[in-house]
Amino acid sequence: MKKLFTFLMVALVAFALIGCRGRIWDELDELDSRVTALEEVVKKTNDDIAAIQTIVNALQNNVYVLSVETTPEGYIINFSDGTSATISNGSDGANVPIISVKQDTDGNYYWTLNGEWLIADGKKVRANGQDGQNGQDGQNGVAPQVRINEDTKEWEISTDGGVTWIPTGVIAEGQDGENGSIIVEGESIFQSVDVSNEDYVILTLADGTVLKLPYYDDSAPLFIIVDAPQLAQIEYGMTVQYTVETENVMEHLINVPEGWHASYNANTLSVTAPAKELCHFDKEGIIAVTVVSDAGKMSIVKLNVMAGEWVEEVELRTLTFEDNDAQFAPYELEYFNNKQINSWSDLIAEDQYGDYILGYGAWMGDCVPTDESHYSWYDENNTFLAHSFPYNYDSYCFAGGGHAISNYASNNYAEHGDYTHQLTVYDKDANGLVRQGGGHNGSNNFAVHYGYCDNSGWNQTTEDDLPAIYFKDDVARVIDHLYVCLTTYEYYCLYEGNGLTAPLGDGDYVIIEAIGYKEDGSTIKISKRVADLQSGVIDDWTKWDLTELGEVTMVRFNIIGTNDNGYGFSQPAYFAYDDVAVQFAGEMVFR
């Protein structure tokens, strides 16, 4: 009996859980439906607001209705200037803010909200554009935007393109009296559309405002710019011609923005943008064509224009050395026991001086790799920059120069300022020797350069042996910039000196050189001074602009300076670099 009771209890709990889970899924489905419904209401309302602006512009400019198309969603009104307005079916928008327009005493239409003028910056917000006078462009009207606040469920309105939003006092969701579920009401700010009148299309807005749009007849002028864009983008000094369909046009007058030219002849409207070198011109404006019929009826057709040029946007891709950004395919360092390299951190030496991964042998002065299996890296599928230790002093070893990945950082150059800490970047905010956060902007990883040539006769390194970063896909590109910082070893020697070098003295300096290699084999060299007694020694990540190099396939780096111990340049030839930004071609934009 006890077992039977237990079984029944388990069964009841199971059925209860199944029922509960079913209700949860139903509630989630209901929530998704409500969200979708709200999004549709917002979209329809914004579309209707845009339609109202088109309609009041048509009224102001004496534009006529050519035809009205009925759709399942509402109506499409086609005007004689080539524009159209799409409005949704009218309904009682009980839970939609009452957005409307009203004509003021100056003849212009202004937006209203819930029966009151819509005010922004202390002024009424005009719905239609104002015609230009004396050759001056008119001021464009503003189409407000609306949204539903996700938290308060209140409708909000913006008159500055969505930068700021103002509550309307209207809640978008109400309560169903039967079961408490949330419902959405209202779909349109149009109350009705009457297309039965022979002379007018009569629109009634939600607040009762009536707009009468006259149909075109033979006594009115017709001037349609065929395939007119919403914004005509015309290159500086260029002329674009538009085909025009006309009927009953006896006279025309064209107003243009400053610096623009426009003419109409033989069903062609020619528009010329101002030359770029002009001192004064309007970059954007409206070409307004006023046409008059022989019956004295008038219509104004407008074309929004913008002068500029097509330019290719630049996309910057950055080599960060961070593991999260690693996009290269895994590979092996054959000489280093076939070590698998899956991330940037896999290339960091455990021992900064003498580690086998850097090419050192059993004795720290030995260099083992003498073939192509040596230390290398590749920022694949991102900047396409790559590096491999150069063949120098009969081997591929960091002792002969290279760019090694590191994450060592310290602010104690007295303790960490010797060659055994050659991969440590000077970080004034570090606490002792740390293994993270020493890179640019507090990132973990960076690269350390070692290598120089000074033509002293003692250093066997030539310019062709200097460590380099290069584009492995053989495409020349512009390296926009990178960030450089000094190592603790170099920092210590610059201030304190050691057994191989004197510290900086009056007139002494240290310079990093970047040598860019062009596709045609030519080179270009730029430099950055990183240390002298007058300007000081850089003690933080510093941006270095490399755009002066132009498009290059490779950049070699060198370190030179005035300190000489009788055997050539005597300061440690190190620097750290991070966040190498490369320019890539982006989209063509008109600006």
Side-chain angles (χ1 to χ4, degrees), residues 349 352-355 358-361 363-370 374-376 387-404 406 417-424 447-470 484-505 507-517 523-532 537 544 554-577:
Q352 296 187 55
Y353 183 74
D355 198 305
L358 299 178
Y360 296 104
W363 180 69
M364 288 185 294
D366 284 339
C367 289
V368 175
T370 58
H374 55 284
Y375 189 104
S376 62
H387 170 75
S388 57
F389 284 180
Y391 187 75
N392 198 20
Y393 290 92
D394 300 323
S395 68
Y396 299 92
C397 178
F398 193 62
H403 293 172
S406 175
D418 61 2
Y419 64 87
T420 65
H421 297 90
Q422 62 177 343
L423 299 183
T424 302
V448 173
H449 164 99
Y450 170 68
Y452 73 104
C453 68
D454 61 3
N455 301 317
S456 65
W458 297 97
N459 179 10
Q460 298 179 22
T461 303
T462 67
E463 187 173 287
D464 291 339
D465 301 324
L466 289 170
I469 53 176
Y470 61 94
V484 296
C485 193
L486 299 185
T487 66
T488 52
Y489 182 24
E490 185 175 14
Y491 204 79
Y492 179 86
C493 291
L494 289 170
Y495 279 111
E496 307 295 338
N498 64 7
L500 296 175
T501 186
L504 285 175
D508 286 333
Y509 60 83
V510 174
I511 287 175
I512 304 174
E513 292 182 330
I515 308 162
Y517 289 74
T523 61
I524 179 174
K525 183 183 296 184
I526 63 174
S527 62
K528 182 175 185 61
R529 183 171 294 209
V530 294
D532 61 47
V537 177
W544 186 7
M554 178 172 64
V555 177
R556 296 190 188 276
F557 293 98
N558 190 21
I559 300 180
I560 61 173
T562 53
N563 287 106
D564 190 328
N565 60 4
Y567 297 93
F569 178 59
S570 57
Q571 291 287 353
Y574 296 84
F575 71 91
Y577 68 89

Does a donor on one side chain and an acceptor on the other come within less than 3.5 Å for [X] and [Y]?
X	Y	answer
Asn392	Thr461	yes
Ser376	Ser388	no
Gln460	Tyr393	no
Asp418	Thr420	yes

Mind listing the closest non-hydrogen atom pair of [X] and [Y] along with its distance?
X	Y	value
Ser456	Gly568	CB-CA, 3.7 Å
Tyr567	Asp564	N-OD1, 3.5 Å
Ala573	Tyr452	CB-CD2, 3.5 Å
Leu504	Ala531	CD1-CB, 4.0 Å

**OP:** Dump the intermediate steps for side-chain contact (heavy atoms from CB on, under 4.5 Å) on Phe569 and Ile560, then the final yes or no.
**Re:** CA-CA 7 Å; Phe569 178 59; Ile560 61 173; 5.7 Å; no
Hey, could you give me the [atom1]/[atom2] distance between [X] and [Y], rounded to the nearest 0.5 Å?
X	Y	atom1	atom2	result
His449	Thr487	NE2	OG1	10.5 Å
Ile559	Cys453	CD1	SG	11.0 Å
Cys493	Asn563	SG	CG	9.5 Å
Leu486	Leu494	CG	CG	6.5 Å
Leu423	Gln352	CG	CD	5.0 Å
Tyr574	Tyr489	OH	OH	6.0 Å

Below 4.5 Å, heavy atoms only, C-beta onward: do [X] and [Y] meet side chain to side chain?
X	Y	answer
Leu500	Ser570	no
Leu358	Tyr375	yes
Met554	Ile469	no
Phe398	Gln422	yes
Trp544	Ile512	yes
Pro467	His387	yes
Tyr495	Pro503	no
Arg529	Val510	no

Original post:
When you measure from the side chain of Arg556 to the backbone N and O of Ala514, does any donor-acceptor pair fall under 3.5 Å?
Top reply: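 Judged by distance alone, no pair lies under 3.5 Å.
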Are [Y] and [X] an aromatic pair, judged by ring center distance below 6.0 Å?
X	Y	answer
Tyr577	His403	yes
Tyr450	Phe575	no
Tyr360	Tyr353	yes

Original post:
Stepwise, does the side-chain contact (heavy atoms from CB on, under 4.5 Å) test hold for Leu466 with Ile515?
Top reply: CA-CA 10 Å; Leu466 289 170; Ile515 308 162; 4.2 Å; yes
Original post:
Does the side chain to side chain donor-acceptor pair (under 3.5 Å) test come out yes or no for Thr562 and Asp508, once each step is laid out?
Top reply: CA-CA 5 Å; Thr562 53; Asp508 286 333; 2.7 Å; yes
Subject >> Residues Asp465, Thr462; criterion side chain to side chain donor-acceptor pair (under 3.5 Å); working and verdict >> reply: CA-CA 5 Å; Asp465 301 324; Thr462 67; 2.9 Å; yes
**OP:** Please assess Asn565 against Thr501 for the test side-chain contact (heavy atoms from CB on, under 4.5 Å), listing each intermediate value before the final yes or no.
**Re:** CA-CA 6 Å; Asn565 60 4; Thr501 186; 5.7 Å; no
